[in-house]
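Beneath this line is the structure, given in structure tokens, with notes to follow.
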Amino acid sequence: MGAGYGGLRALKELQEQQPNADIIMINKDPYHWEMTSLHEVAAGTNEPEKICYPVDSVIDSKQTVFIQDTVTGIDRDNKKVMLKQKDPVSFDYLLIALGFESELLGIEGMKEYGLTISDISSVERIRTQIDQILAEWKKSHKEEPHTLVVGGAGFTSIEFLGELTERLQSEIQNNRLPKNKVNVICIDPSPDDMPAFDHSQTHYAVSKLEQRGVTFVTGRIKKVEPNGVYYENNGKIKMIETDTFIWGGGIRGSSVIKNSGFKEKHSRVLVQPDLTVEGEPNILIIGDCSAVPDPNGGIYPATAQIALQQGDCAAYNLKALLDGRPLKKFVYQYRGTVCSLGPKDAIATVMGKNLKGFPASLMKKIVDYRSIWKIGGVRALLRLWR
């Protein structure tokens, strides 16, 4: 279930092993989208079709049946996957790779009035809103600027702000527009703290965005309304007027996990070393719905990098289950972290080295193209090359 990084990689590897079994892939969309490029579509610097390729392009129709439908739940007792439109699908072995949902943290008004970077339809809504802002900017003679607020200063928000500010600078130069007609504000309890990077890199990222006009505000989001966002700073509640609030404050696993009765936290299940569920050796979970312990007693962050590696391990273990062989433990091989700040700027930690600027941006492209090649192959790479 799920044609994201982990699910589609597992399917590709499993098909190559040619198991003596019927394989069924279930996904709500007919395409796979590159999660690491969603922020580009949201900001309007890339097109949706340039970060997607068909699920069918990975499927071997001689081995695998593709069902396009939304999973609503899992009947674990009767070994059935419940679907929104079609009849339930029976399984002997199940791989759950359903992906993520935005973590709204129970903030009042977030679901109704906040925009999230979570899938293709969500980023298209953000892009439409930004396009409207820019259209008004070009024809309006009002003195009051439009204010756009981003909640959270994690990976998603920083990458989105990088693309957005590049686009705004381009609009100013190409259309001779006045500056300061769009205020971009980012609210976060610790805007200069990104756990995957050291302080010098975080300072570089924040400074670059500030130079492009982003104002970072220290605070915690408390409530979102149609025309404003409330946040807490030093025990005081403050408000910023805006009708465009974009939330990038974290993710959680698919709600299907909680709805199906798994023991979970934030819809993530603590999996066994072989990626199976405790007490249910016929069910494996990978990607954003899985929680994998790290050596320090914590949980690895949900990333495309770990999902791809889990996909390889899950494919091996599914084949081993079918063959009656021992399963292998999943061992995560950390290869680095990259956060883009626009098309030609980024910060990165790769092989123990810290990179900034254009070299880090090149590394970002290499990482993105590698993941496309590992799942979609040459055809997908040629389709999405830019």
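The structure displayed is predicted, hence computed values, not measured ones.
A search for side chain to side chain donor-acceptor pair (under 3.5 Å) contacts involving Gln310 returns Ser290, not counting sequence neighbours. Residues that satisfy the side chain to side chain donor-acceptor pair (under 3.5 Å) test with Arg76, not counting sequence neighbours, are Glu280.
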* To do: Let me see the working for Glu40 and Arg127 under salt bridge (charged side-chain N to carboxylate O under 4.0 Å, His left out), right down to the final yes or no.
  => CA-CA 9 Å; Glu40 298 174 4; Arg127 178 177 181 152; over 6 Å; no

* What's the verdict on side-chain contact (heavy atoms from CB on, under 4.5 Å) for Asp294 and Ile299, showing C-alpha distance, side-chain angles and the deciding distance? -> CA-CA 5 Å; Asp294 66 25; Ile299 299 296; 5.9 Å; no

* To do: With salt bridge (charged side-chain N to carboxylate O under 4.0 Å, His left out) as the test, would you mind laying out the steps for Glu232 and Arg220 before giving the verdict?
  => CA-CA 5 Å; Glu232 183 179 3; Arg220 190 177 299 278; over 6 Å; no

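For the residue pair Tyr5 / Thr303, no side-chain donor-acceptor distance below 3.5 Å is found, with atom types taken as modelled. Side-chain N/O atoms of His146 and Glu136 include no donor and acceptor closer than 3.5 Å. Between the side chains of Ser90 and Lys80, at least one donor N or O lies within less than 3.5 Å of an accepting N or O. Between the side chains of Asp198 and Asn354, at least one donor N or O lies within less than 3.5 Å of an accepting N or O. There is no side-chain donor-acceptor pair under 3.5 Å between Thr128 and Asp131. Judged by distance alone, the side chains of Asp60 and Gln63 do bring a donor and an acceptor atom under 3.5 Å apart. Inspection of the Glu101 and Ser255 side chains reveals an N or O donor paired with an N or O acceptor under 3.5 Å. Between Glu166 and Thr45, the side chains place no donor N or O within less than 3.5 Å of an acceptor N or O (distance only, hydrogens not considered). For the residue pair Asn174 and Ser170, a side-chain donor N or O sits within less than 3.5 Å of a side-chain acceptor on the partner.
Glu124 CD: more than 12 foreign heavy atoms inside a 6.0 Å radius. The environment of CZ in Arg379 is sparse: at most 12 heavy-atom neighbours from other residues, nucleotides or ligands sit within 6.0 Å.
Taking CD of Glu159 as the start and CG of Leu38 as the end, the distance is 10.0 Å to the nearest 0.5 Å.
Among Thr70, Asp69, Ile26, the single residue meeting the side chain to side chain contact (heavy atoms under 4.5 Å, CB included) criterion with Lys86 is Asp69. Checking Val150, Thr218, Ile240, Thr215 one by one against Ile187, the side chain to side chain contact (heavy atoms under 4.5 Å, CB included) holds for a single residue, Ile240. Applying side chain to side chain contact (heavy atoms under 4.5 Å, CB included) to Met25 and the options Leu14, Leu8, Leu95 leaves one that passes, Leu8.
Side chains of Ile120 and Cys52 form a contact here, defined as non-hydrogen atoms less than 4.5 Å apart. By the 4.5 Å heavy-atom criterion applied to side chains, Leu322 and Leu318 are not counted as neighbours. Looking at Ile347 and Val338, their side chains never come closer than 4.5 Å, going by heavy atoms from C-beta outward. Looking only at side-chain heavy atoms (C-beta outward), Ile59 and Val65 stay at 4.5 Å or farther from each other. The closest side-chain heavy-atom distance from Leu284 to Leu321 is below 4.5 Å. Inter-residue side-chain proximity for Thr242 and Asn227 is flagged as unmet; no heavy-atom pair is nearer than 4.5 Å. When side chains are defined from C-beta on, Phe330 counts as touching Ile306, because their heavy atoms get closer than 4.5 Å. For the pair Leu115/Phe245, no side-chain contact is recorded, criterion being any heavy-atom separation below 4.5 Å from C-beta on.
Ile251 is connected to Ile126 through a chain of hydrophobic side-chain contacts under 4.5 Å among Ile, Leu, Val, Met, Phe, Trp and Tyr, so both are in one cluster. Transitive grouping of hydrophobic side chains (ILVMFWY, heavy atoms separated by less than 4.5 Å) keeps Val367 and Val378 in distinct clusters. A continuous path of hydrophobic side-chain contacts links Val149 to Val217 [ILVMFWY only; heavy atoms under 4.5 Å]. Linking ILVMFWY residues whenever their side-chain heavy atoms come closer than 4.5 Å, directly or via other members, places Tyr93 and Leu98 in the same cluster.
Electrostatic pairing of Lys319 and Glu16 does not count as a salt bridge here, judged by no charged N lying under 4.0 Å from a carboxylate O. Under a 4.0 Å N-O distance rule, the pair Arg9/Glu13 qualifies as a salt bridge. At a threshold of 4.0 Å, the pair Asp345-Lys364 does not count as salt-bridged, since none of the basic side-chain nitrogens sits closer than that to a carboxylate oxygen.
Residue pairs meeting the ring pair (Phe, Tyr, Trp, His ring centres under 6.0 Å) criterion with at least one member in residues 281-300, sequence neighbours excluded: Tyr300-Tyr332.
Taking the ring axis of Tyr316 as reference, the NZ or CZ atom of Lys328 stays within 45° of it and closer than 6.0 Å to the ring centre. For the pair Lys223 and Tyr230, the cation-pi test (distance below 6.0 Å, angle within 45°) is passed.
Aromatic pair Phe155/Phe160: ring centres not closer than 6.0 Å.
Taking the six-membered ring where tryptophan is involved, the planes of Tyr53 and His32 are tilted, since the angle between them lies from 30° to 60°.
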